[in-house]
Amino acid sequence: MPHLALYTFGVLKSPLVDPARLTREFYDMGEAVYRNISQHPGYIARAEAAGGDRGLLFEADWGAWGEFAVPAWYDKGRTVETTALAATLSLWTDLGSASDAVYTGPHREALSRRNDWFERTEHPNYVLWWVSEGVTPTWQDGVSGLEHLNDHGPAPHAFTFRH
């Protein structure tokens with residue numbers, strides 16, 4: 001049975017290492033959101049760096065999830081001091097479970113605050129696609145899907161919860 005991959009991407013208003021209050025709020029809330037989502041029915045796994053350090057996204061060892069990648073439109077830094085993005089890559093059993101996890105509970109509360117933390121953009125901020133059971137999606141798969149969604153709209157290999 002296929003599984004559902006979900007890639008999210010957003011450009012933060014300040015770098016990951018910025019000690020500003022809003023950045024701290026984003027991370028504090030993020031920890032609770034990740035804990036809740038990891039216990040949600042239908043959740044399988046998410047990409048986690050071997051070291052788990054903030055800001056080391058591009059240099060981190062992501063194992064089977066592949067080398068960290070971002071969409072072509074990301075034009076901020078790639079060093080620990082300048083990286084200003086948040087991205088997730090996760091795997092789900094089905095569309096309903098993923099949708100429920102995203103649009104209820106702590107994640108819904110975080111979504112209501114996204115304009116505090118993220119720059120507004122015309123680009124999509126997430127993409128979904130199906131993978132065969134046993135396949136680990138990669139960061140590059142997510143970026144390719146998000147860029148396709150941005151350039152051409154939804155397709156069977158790059159879609160949203162609505163389409």
Side-chain angles (χ1 to χ4, degrees), residues 2-16 22-23 25-27 29-49 54-55 57-58 60 62 64-76 78 83-132 135-163:
H3 289 151
L4 184 72
L6 168 60
Y7 171 73
T8 67
F9 180 82
V11 179
L12 292 164
K13 290 182 175 180
S14 61
L16 293 169
L22 284 177
T23 304
E25 287 176 3
F26 172 73
Y27 275 108
M29 184 173 267
E31 294 301 319
V33 168
Y34 281 136
R35 271 193 312 279
N36 181 268
I37 283 183
S38 69
Q39 298 169 357
H40 198 279
Y43 171 84
I44 297 172
R46 73 176 171 101
E48 294 185 79
R54 288 183 193 165
L57 301 173
F58 294 95
W62 293 94
W65 301 92
E67 184 176 335
F68 188 76
V70 295
W73 60 79
Y74 176 72
D75 61 358
K76 301 237 177 166
R78 294 175 182 245
T83 299
L85 65 90
T88 65
L89 180 58
S90 57
L91 197 55
W92 296 85
T93 58
D94 60 276
L95 189 63
S97 296
S99 177
D100 187 55
V102 168
Y103 294 112
T104 63
H107 193 269
R108 180 181 174 147
E109 185 180 334
L111 282 176
S112 72
R113 300 275 321 272
R114 68 182 170 262
N115 291 330
D116 292 340
W117 304 315
F118 292 95
E119 293 181 357
R120 290 180 183 246
T121 176
E122 297 299 316
H123 303 290
N125 58 10
Y126 76 94
V127 66
L128 300 157
W129 71 100
W130 295 105
V131 297
S132 298
V135 170
T136 301
T138 67
W139 289 107
Q140 186 56 56
D141 295 336
V143 168
S144 295
L146 195 66
E147 289 176 342
H148 182 279
L149 187 63
N150 183 70
D151 296 343
H152 307 288
H157 63 278
F159 54 93
T160 67
F161 287 115
R162 291 185 183 173
H163 301 100

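Excluded from the calculations below are hydrogen atoms, water molecules and symmetry mates; all remaining heavy atoms, backbone and side chain alike, are included. The residues of the chain are indexed from 1 along the displayed sequence.
A parallel orientation is assigned to the rings of Phe9 and Tyr7, their planes being inclined by less than 30° (bins at 30° and 60°).
Between Glu119 and Lys76 there is a salt bridge, with a side-chain nitrogen of the basic residue lying less than 4.0 Å from a carboxylate oxygen of the acidic one.
Pairing each heavy atom of Ala110 with each of Val33, the nearest pair is CB-CG2, 4.1 Å. Minimum interatomic distance between Thr93 and His3 (heavy atoms only, all atoms of both residues): CA-CD2, 4.1 Å. Scanning both residues, Trp65 and Leu89, for their nearest heavy atoms gives CE3-CD2, 3.5 Å. Considering every non-hydrogen atom in both Leu146 and Asn125, the closest pair reads CD1-C, 4.2 Å. Summarising the geometry of Pro137 relative to Trp129, their closest heavy-atom pair is CB-CZ2, 3.6 Å, with the distance given to 0.1 Å. Of all the heavy atoms in Lys13 and Asn115, the pair that sits closest is NZ-O, 2.7 Å.
Side-chain contact between Phe58 and Val70 is present, with heavy atoms from C-beta onward closer than 4.5 Å. Using a 4.5 Å cut-off on side-chain heavy atoms (C-beta onward), Glu25 and Trp117 make contact. Between Leu149 and Pro154 there is a side-chain heavy-atom pair separated by less than 4.5 Å. With contacts defined as side-chain heavy-atom distances shorter than 4.5 Å, the pair Leu16/Leu57 qualifies. A heavy-atom distance below 4.5 Å is found between the side chains of Val102 and Leu6. Annotation: side chain of Trp92 is not in contact with side chain of Leu128 (no heavy-atom distance under 4.5 Å). Put simply, the side chain of Asn150 reaches to within 4.5 Å of the side chain of Trp73, judged on heavy atoms. Between Leu85 and Tyr74 there is a side-chain heavy-atom pair separated by less than 4.5 Å.
Residue Thr88 holds its OG1 atom at 11.5 Å from CD of Glu48, rounded to the nearest 0.5 Å. With rounding to the nearest 0.5 Å, the separation of CH2 in Trp62 from OG1 in Thr136 is 14.0 Å. To the nearest 0.5 Å, the span separating OG on Ser90 from CD1 on Ile37 amounts to 7.0 Å.
Under a 3.5 Å cut-off, the side chain of Thr8 and the backbone N or O of Tyr126 do not form any donor-acceptor pair.
Considering only residues two or more places apart in sequence or on other chains, Ser97 meets the side chain to side chain donor-acceptor pair (under 3.5 Å) condition with Asp94.
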Name each donor-acceptor pair under 3.5 Å that joins a side chain in residues 155-163 to protein atoms two or more places apart or in another chain, with its distance.
residue: Thr160; atom: OG1; partner: Arg162; partner atom: N; Å: 3.3
residue: Thr160; atom: OG1; partner: His163; partner atom: N; Å: 3.0

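Looking only at atom types and distance, the side chain of Thr138 has a donor-acceptor partner in the side chain of Asp141 under 3.5 Å away.
A cation-pi arrangement is found for Arg46 relative to Tyr34, the charged atom lying closer than 6.0 Å to the ring centre and inside a 45° cone about the ring normal.
Applying the side chain to side chain donor-acceptor pair (under 3.5 Å) test to residues at least two apart or on different chains, the pairs with a partner in residues 100-112 are His40-Asp100.
In Gln140, the CD atom is crowded: over 12 heavy atoms of neighbouring residues, nucleotides or ligands sit closer than 6.0 Å.
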